[in-house]
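Input: a single structure, listed below in structure tokens.
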Amino acid sequence: MDIRRLSLWEGRYATYMSNDVFSAVIEDQGDVTLEITSRTLSGARINALSLPYFRATGSGVMSDENGEWWQNRQSLYQGGGSYFTFPGKEGDHISSIDTYWTLRRYGTEEEHGGVWKLSEMKSREEGNRYKLEKVDMLLPGQPVLYSAVRITNTGDEPLSGSVAWHSMLSSPLLETGSMIGSNARYYTAYSMSRRESGINRFLPGTVFDELKHAPLLRGGNADAGFVPPPTGTYDYLIGKIPEKDHLGWLSLNNPKCQLLYFMFTPHDTDENAILFPNADITENYLGRMDAPWALFDGATPEVMALTFGFNTGPKGTRNVSIAPGETKMVYVGNAFSSYDNPRLSLGFFSTELTDDGVVFKRTKSWAFMPLDHRFSAIKAQCQRLFSESEDQ
């Protein structure tokens with residue numbers, strides 16, 4: 001196990017965390033995870049996350065001499081990686097991803113021998129006062145980055161907003177023939193917003209039961225769970241996570257490299273937690289023609305990526321309310337590893353949770369990923385850290 005600080009670019013720092021099978025790099029700026037890394041069967045280290053060509057290395061878009069190129073959208077200045085957003089992405093208020101986070105503590109967890117870090121950010125903006133405390137953890141032998149965020153309303157009035165967590169994936173994990181899976185149901189495709197330029201592949205506003213039966217804009221159906229050759233399209237899909245399920249999850253299976261990405265969130269945790277009712281999938285198959293996705297508005301798209309996420313409502317909605325002084329918790333895990341069963345290259349039909357992980361099944365074939373789907377270790381660490389901070 002290893003945890004240490006890194007100096008990436010001038011004025012921008014990060015924390016490196018690793019065990020024997022997995023590593024992560026989390027930057028202080030926006031507390032964005034830049035790397036979630038595992039090894040292929042042939043030994044190469046691969047970062048599952050996308051760091052698009054336009055992702056900047058300066059201190060912020062407002063002070064960047066080329067700031068106008070990002071069209072004053074600070075979230076795109078920090079684009080890519082895996083990130084938590086609260087209270088929204090409107091761009092005209094302080095949010096979790098356009099703010100520098102302060103690393104408070106990091107160390108080794110005694111019970112399991114894992115490593116952890118605690119970081120925080122505060123908004124003192126009038127009408128938008130809150131504090132976020134984020135714990136990230138790696139456990140021995142598990143290819144998972146566990147993350148938990150405690151949200152506290154430090155203002156005098158109820159704080160409304162939306163909560164989301166997204167992970168943007170790209171090649172070499174993402175390629176033609178990769179397969180997308182989820183336990184969500186009742187998917188809906190959304191049309192692009194006024195700020196986005198591109199072409200939809202799927203028919204907006206139509207509800208469908210399975211990814212493989214997604215209605216096309218031009219008629220007929222297609223499998224939205226199969227990554228096609230570049231289509232020049234951009235689609236945003238939201239699916240409902242069944243309330244009875246223990247987890248909400250999304251997966252990307254690369255059959256050529258035998259790599260599996262698994263993003264998950266608890267769906268039956270304590271009453272103090274915010275549960276995500278929705279899973280979302282953004283399929284950008286060279287379909288964004290607005291800057292900075294293209295060099296200029298209407299130009300050739302430069303980015304092919306797949307973004308997984310969990311959210312409390314569609315873009316732009318404010319559907320979570322936190323009372324003054326109230327505290328809420330959010331939990332998400334991002335797992336990434338290779339598997340040695342070639343039959344899973346044809347895809348898996350089901351998942352089964354065990355005491356110490358999750359099994360991906362295809363008839364009589366299976367692959368096992370060790371993980372703590374109950375989030376018990378990080379919950380215990382959060383309780384220790386937050387209890388200590390309240391006592392000080």
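Between the OH atom of Y13 and the OG atom of S7 there is a distance of 4.5 Å, given to the nearest 0.5 Å. We find the CE-OG1 distance between M369 and T351 to be 11.5 Å, quoted to the nearest 0.5 Å. Interatomic distance, K134 NZ to C382 SG, rounded to the nearest 0.5 Å: 11.0 Å.
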Checklist entry - Taking it one step at a time, do D245 and R185 satisfy salt bridge (Lys or Arg N to Asp or Glu O under 4.0 Å)? => result CA-CA 11 Å; D245 286 9; R185 296 292 181 268; over 6 Å; no

Checklist entry - Between E27 and R55, does a salt bridge (Lys or Arg N to Asp or Glu O under 4.0 Å) hold up when you go through it step by step? => result CA-CA 13 Å; E27 189 183 22; R55 191 177 204 278; 3.3 Å; yes

Next on the checklist: Determine whether T15 and R5 satisfy the following criterion, side chain to side chain contact (heavy atoms under 4.5 Å, CB included), listing intermediate values before the conclusion.
Outcome noted: CA-CA 5 Å; T15 303; R5 294 288 285 163; 2.8 Å; yes

Next on the checklist: Evaluate D20 against R39 for salt bridge (Lys or Arg N to Asp or Glu O under 4.0 Å), listing each step before the verdict.
Outcome noted: CA-CA 10 Å; D20 56 339; R39 288 192 181 274; over 6 Å; no

Checklist entry - Step by step, would you call Y261 with N334 a side chain to side chain donor-acceptor pair (under 3.5 Å)? => result CA-CA 8 Å; Y261 195 93; N334 282 276; 2.7 Å; yes

Next on the checklist: Before you tell me yes or no, could you show the steps for F264 and Y331 under ring-ring contact (aromatic ring centres under 6.0 Å, His included), namely the whole-Å CA-CA distance, both residues' side-chain angles and the distance that decides it to 0.1 Å?
Outcome noted: CA-CA 9 Å; F264 59 103; Y331 302 96; over 10 Å; no

Checklist entry - Given the rule in the side chain to side chain donor-acceptor pair (under 3.5 Å) test, do N254 and E175 qualify, once you have shown the distances and angles that lead to the verdict? => result CA-CA 7 Å; N254 181 321; E175 63 178 337; 3.1 Å; yes

Checklist entry - For F310 and I241, what are the C-alpha separation, side-chain angles and deciding distance, and is it a side chain to side chain contact (heavy atoms under 4.5 Å, CB included)? => result CA-CA 10 Å; F310 300 114; I241 300 172; 4.0 Å; yes

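The shortest side-chain heavy-atom distance between Y83 and T33 does not fall under the 4.5 Å cut-off. Looking at L169 and M263, their side chains never come closer than 4.5 Å, going by heavy atoms from C-beta outward. Proximity of L237 to L211: side-chain heavy atoms (C-beta onward) are separated by under 4.5 Å at one or more points. The closest side-chain heavy-atom distance from D297 to M289 is not below 4.5 Å. Here the side chains of V358 and L371 are in contact, with some heavy-atom distance below 4.5 Å. Residues T233 and N200 have side chains not in contact (no heavy-atom distance under 4.5 Å, counting atoms from C-beta outward). By the 4.5 Å heavy-atom criterion applied to side chains, Y130 and T152 are not counted as neighbours. You'll find the side chain of P87 stays beyond 4.5 Å of the side chain of S160, heavy atoms only.
Side-chain N or O atoms of N47 include one that pairs as donor or acceptor with a backbone N or O of L34 at under 3.5 Å. Put simply, the side chain of S182 gets close to the backbone of W249: a donor and an acceptor are under 3.5 Å apart. Judged by distance alone, the side chain of S387 and the main-chain N or O of Q383 form a donor-acceptor pair under 3.5 Å. Not one N or O on the side chain of E283 forms a donor-acceptor pair closer than 3.5 Å with the backbone of Y234. The backbone N or O of S96 lies less than 3.5 Å from no partner atom in the side chain of T99, so there is not a single donor-acceptor pair. With D2 contributing its side chain and S18 its backbone, the two residues share no donor-acceptor pair below 3.5 Å. Side-chain N or O atoms of D136 include none that pairs as donor or acceptor with a backbone N or O of L118 at under 3.5 Å. In this structure, N19 contributes its side chain and S23 its backbone to no donor-acceptor pair below 3.5 Å. With hydrogens and angles disregarded, no donor-acceptor distance shorter than 3.5 Å links the side chain of S337 to the backbone of P143. One N or O on the side chain of N284 and one on the backbone of G287 form a donor-acceptor pair closer than 3.5 Å.
The shortest non-hydrogen separation linking I151 to V330 is CD1-CG2, 4.1 Å. The two residues G11 and Y100 make their nearest non-hydrogen contact at O-CE1, 4.4 Å. Between M17 and W116, the closest heavy-atom pair is CE-CA, 3.9 Å. What you find for P266 and F375 is that their closest heavy atoms are CD-CE1, 3.4 Å. Nearest heavy atoms, A305 versus M168: CB-CE, 3.5 Å. Closest approach of L275 to P277, counting heavy atoms only: O-CD, 3.2 Å.
Counted by atom type alone, H267 and H246 present zero donor-acceptor pairs between their side chains at under 3.5 Å. Defined by atom type and a distance below 3.5 Å, a donor-acceptor pair is missing between the side-chain atoms of S162 and N319. Donor-acceptor pairing under 3.5 Å is lacking for the side chains of S119 and R104. A donor atom on one side chain and an acceptor atom on the other are found under 3.5 Å apart for S167 and S82. Between the side chains of Y146 and D372, not a single donor N or O lies within less than 3.5 Å of an accepting N or O. In this structure, a donor-acceptor pair under 3.5 Å is absent between the side chains of H166 and N311. Side-chain contact check for N272 and K328: no donor-acceptor pair (N or O, by modelled atom type) lies under 3.5 Å. Inspection of the Y186 and D209 side chains reveals no N or O donor paired with an N or O acceptor under 3.5 Å. Checked by atom type, the side-chain pair D235/Y190 shows no donor-acceptor distance below 3.5 Å. Side chains of S42 and T40: a donor-acceptor N/O pair is present below 3.5 angstrom, by distance only. Side-chain contact annotation: Q78 with D98, donor-acceptor N/O pair under 3.5 Å absent.
Contact check on K361 versus E352 returns a salt bridge, with a Lys/Arg side-chain nitrogen under 4.0 Å from an Asp/Glu carboxylate oxygen. Electrostatic pairing of E133 and K122 does not count as a salt bridge here, judged by no charged N lying under 4.0 Å from a carboxylate O. Between R374 and D355, at least one side-chain nitrogen of the basic residue sits less than 4.0 Å from a carboxylate oxygen of the acidic one, meeting the salt-bridge criterion. Using a 4.0 Å cut-off between a side-chain N of Lys or Arg and a carboxylate O of Asp or Glu, E109 and R384 qualify as a salt bridge. Checked for salt-bridge contact, E126 and R129 meet the test: a charged N lies under 4.0 Å from a carboxylate O.
Using a 4.5 Å cut-off between side-chain heavy atoms of Ile, Leu, Val, Met, Phe, Trp and Tyr, L41 forms no hydrophobic cluster with any other residue.
Other residues, nucleotides and ligands contribute at most 12 non-hydrogen atoms within 6.0 Å of the CZ atom of R124.
Aromatic rings of F262 and F360 (six-membered ring for Trp) have centroids within the 6.0 Å cut-off, being under it. Between W165 and F84, the distance from one ring center to the other falls under 6.0 angstrom.
At least one test fails for R201 against the ring of Y285: distance under 6.0 Å to the centre or angle within 45° of the axis. Annotation: cation-pi pair R362/F348 absent, no NZ/CZ under 6.0 Å from the ring centroid and within 45° of its normal.
Partners of T206 according to the side-chain contact (heavy atoms from CB on, under 4.5 Å) rule, which considers only residues two or more places apart in sequence or in another chain, are L203, P215.
Ring pair W69/F54 is perpendicular by interplanar angle, where above 60° counts as perpendicular and below 30° as parallel.
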